[in-house]
Number of protein chains: 2
Amino acid sequence: MADSDDPKSLTIASRQQPASADRVPCKECPLIHCRGLSAPDEGQRAWIEAFKSSEARYVRGEQVLRQGVRATRLFTVLEGVLIRYRLLEDGRRQIVNFLFPGDLVGLQAAFEAELTHSVEAMTDVRLCVFPRDRFFDLAVSHPKLSFDLTWMAAREEAALEDHLVSLGQRNAQERLAYLAVFLVQRGAATGVSREGTLRLTVTQSQIADMLGLSLVHTNRSLQALRRLKLVDWTLSTISVHDMEAARSFAQMDGDPYIPRPYI
Amino acid sequence: MADSDDPKSLTIASRQQPASADRVPCKECPLIHCRGLSAPDEGQRAWIEAFKSSEARYVRGEQVLRQGVRATRLFTVLEGVLIRYRLLEDGRRQIVNFLFPGDLVGLQAAFEAELTHSVEAMTDVRLCVFPRDRFFDLAVSHPKLSFDLTWMAAREEAALEDHLVSLGQRNAQERLAYLAVFLVQRGAATGVSREGTLRLTVTQSQIADMLGLSLVHTNRSLQALRRLKLVDWTLSTISVHDMEAARSFAQMDGDPYIPRPYI
DNA sequence: CGGTCGCTTGAACGATTTCAACACATGTGG
DNA sequence: CCACATGTGTTGAAATCGTTCAAGCGACCG
């Protein structure tokens, strides 16, 4: 495989060929019905269909993109959840964000830049694959798509801003509450889960690496939130019993439900 | 002024009308000669010229955009430095990023979203003003510009990712070293300063609010870095004596000098 | 001159990390 | 089947990093 996004995982998974056998036509894109996503119209979907080169699948734990390489493809999440993280040389890891259906994966690749982060599947995932080389055609041929692309980049930037505020200003319990609410709401908006609860396997070690906390302190703070009856976060399930209480505990403002465009 | 980006500052500055009297033609854009910036070609500059509605000036301390409002204009930095920050309800402040010449200000405004942050001038600044309403024309009429726009959004996202890693994984001294290097290099790339030193007035309180540290601890860590002869950061000047040493102290990787497009 | 701003210092306190151990479930090879 | 390793969560105790409170200093300004 000449491609640099070799899906060999550092952690768990055994090697697995992305099976691009079946392929969902964009006209029947399952994401159309997500209330958190605003679908492109039929004409756009036809055009996207032509742009899309294939579909890829990865199992939980596999790496989709690796930090430091120049990838030749970009992706869109069709199904499943992934994380995006950066490793420092001494092994410290910062999880930068979670990726849900409709999200763009590896936008940096479009600019021929070295990736500054890796991407790993948190669940089994299906991705739409787009070739980098024809990426520039997008802007030329279909301005609305290009506009949406900028929109998506801006939206991701806003999410990172939120996380930044969290790491900079909130203490451990507030960060946890914030992240729980963030994930549950993103899950609900993208059809991964129903309101208030998200079934997703996240280890405490991953939570710690997202929030810049030690594993031990993450564990204790999680217990504290459970006692407060604000958030109950287990290995397989995140539940926020009282969304409003949790939001105000974490000092979250702003509308949770702005529908996002996707490609 | 019907516009919601009223430049009345919460902090210092007295009210000042943006004087759009003189206006630099884009063909003679002073940023052309910045080695850190890759200028649009002549054709593009002509088109940008038409898109640009005016120029605005703000003095140090003035607010350019205010969190929570829907702005009708977006800006580009022609000269000077600004900060972008978010306030929490209880008064905590997180500075999200610094803005240098060539940077886009208020991209969120383009999508009719409420701004999630405020923007304030750190020095006297000159901004190019673009109307939000004609923004969509950009994508339609000139794909390359639209492409650059996405590029800029992606670049800003990458910067936030860097800051996020800093807040999540680095201790106080490392964060300070990282920020100093970041600012000095951005300054050098955009012609604000010469290599190794940046003349820019930043209070320790602002540094603290950027790095998620208390004022007192910021002060002590700054002194420690001075004793280590890594970074000497005073109210008016940031100097990094040994760039390589500072970079490795802060565990920074990746190329500092990727030329950025601007508009 | 009083007042504000930015910086500095000391000391006590508290949040978070680190070290170390153990419990529990799962999977694997002998 | 057991023995063993591995991944995840939990707990206790000590150490460290960072915060908070409180005070003082010099510069600048009206």
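Chain identifiers are assigned alphabetically (A, B, ...) following the order of the sequence lines, protein sequences preceding nucleic acid strands; residue numbering begins at 1 within each chain. Predicted model only: the values in this text are computed from it and were never measured.
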- Taking side chain as C-beta onward, heavy atoms only, is B:Val96 less than 4.5 Å from B:Leu160? yes
- Task: Scan B:Leu215 against the nucleic acid and name what it touches under 4.0 Å (heavy atoms): base, sugar-phosphate only, or nothing.
- Result: nothing
- Query: Would you say B:Phe100 and B:Val192 make side-chain contact, with heavy atoms under 4.5 Å?
  - Reply: yes
- If an axis is fit to five pairs at each end of the helix from C:dC1-D:dG30 to C:dG30-D:dC1, what is the angle between the two, to the nearest 10°? 30°
- To the nearest Å, how far apart are B:Leu222 CG and C:dT8 P? 8 Å
- Do the non-hydrogen side-chain atoms of B:Ser205 and B:Arg93 ever get within less than 4.5 Å of each other? yes
- Salt bridge check: are B:Arg155 and A:Glu157 linked by an N-O gap of less than 4.0 Å? no
- Query: The side chain of A:Leu213 lies closest to which of these nucleotides: C:dT17, D:dG18, C:dG6?
  - Reply: C:dT17
- d(NE2, A:His217; C1', C:dG14) in whole Å: 11 Å
- Message: Check the phosphate of C:dC5 against B:Gln204, side-chain N and O only, distance under 4.0 Å to OP1 or OP2. Yes or no?
- Response: no
- Task: Just do the side chain to side chain donor-acceptor pair (under 3.5 Å) check on A:Gln63 and A:Glu120 with the steps written out, would you?
- Result: CA-CA 4 Å; A:Gln63 264 191 297; A:Glu120 178 181 318; 5.7 Å; no
- Query: Expressed in angstrom and rounded to an integer, what is the separation of B:Trp233 atom CH2 from C:dT8 atom P?
  - Reply: 13 Å
- B:Val216 side chain: which of D:dA13, D:dG9, D:dC21 is closest? D:dC21
- Checking D:dT11, D:dT8, C:dG6 against the side chain of A:Asn219 (C-beta onward), the nearest is D:dT11
- Message: Rounding to an integer number of Å, can you tell me how far A:Asp232 CG sits from D:dG9 P?
- Response: 13 Å
- Taken to the nearest whole Å, CD/A:Gln206 to C1'/D:dG7 is 12 Å
- Item | Pair of N/O donor and acceptor under 3.5 Å linking C:dG10 base with B:Arg220 side chain | yes
- Query: Separation of B:Arg60 atom CZ from C:dC5 atom C1', in whole Å?
  - Reply: 12 Å
- Note on the structure: Exactly one candidate in A:His163, A:Arg170, A:Met210 meets side-chain contact (heavy atoms from CB on, under 4.5 Å) with A:Arg175; the answer is A:Arg170
- Query: salt bridge (charged side-chain N to carboxylate O under 4.0 Å, His left out) between B:Asp162 and A:Arg86: does it pass, once the steps are laid out?
  - Reply: CA-CA 9 Å; B:Asp162 285 338; A:Arg86 178 172 324 173; 2.7 Å; yes
- The correct set of residues in residues 164-175 of chain B placing a heavy atom under 4.0 Å from DNA chain C is none
- Item | B:His117, B:Glu156, B:Arg186 screened by side-chain hydrogen bond (donor to acceptor under 3.5 Å, both in side chains) with B:Asn97, the one that passes | B:Glu156
- Base, sugar-phosphate, or nothing: which does A:Ser214 touch, judged by heavy atoms less than 4.0 Å apart? base
- Task: Would you name the heavy atoms of B:Leu198 and B:Val184 that are closest together and state the gap between them?
- Result: CB-CG2, 4.1 Å
- Item | Residue B:Arg226, side-chain heavy atoms: nucleotide from D:dG18, C:dT8, D:dT8 that is nearest | C:dT8
- Under 4.0 angstrom between A:Gln223 side-chain N/O and D:dT11 OP1 or OP2: yes
- Note on the structure: Heavy-atom closest pair (B:Val105 atom, B:Leu74 atom, distance to 0.1 Å) is O-CB, 3.6 Å
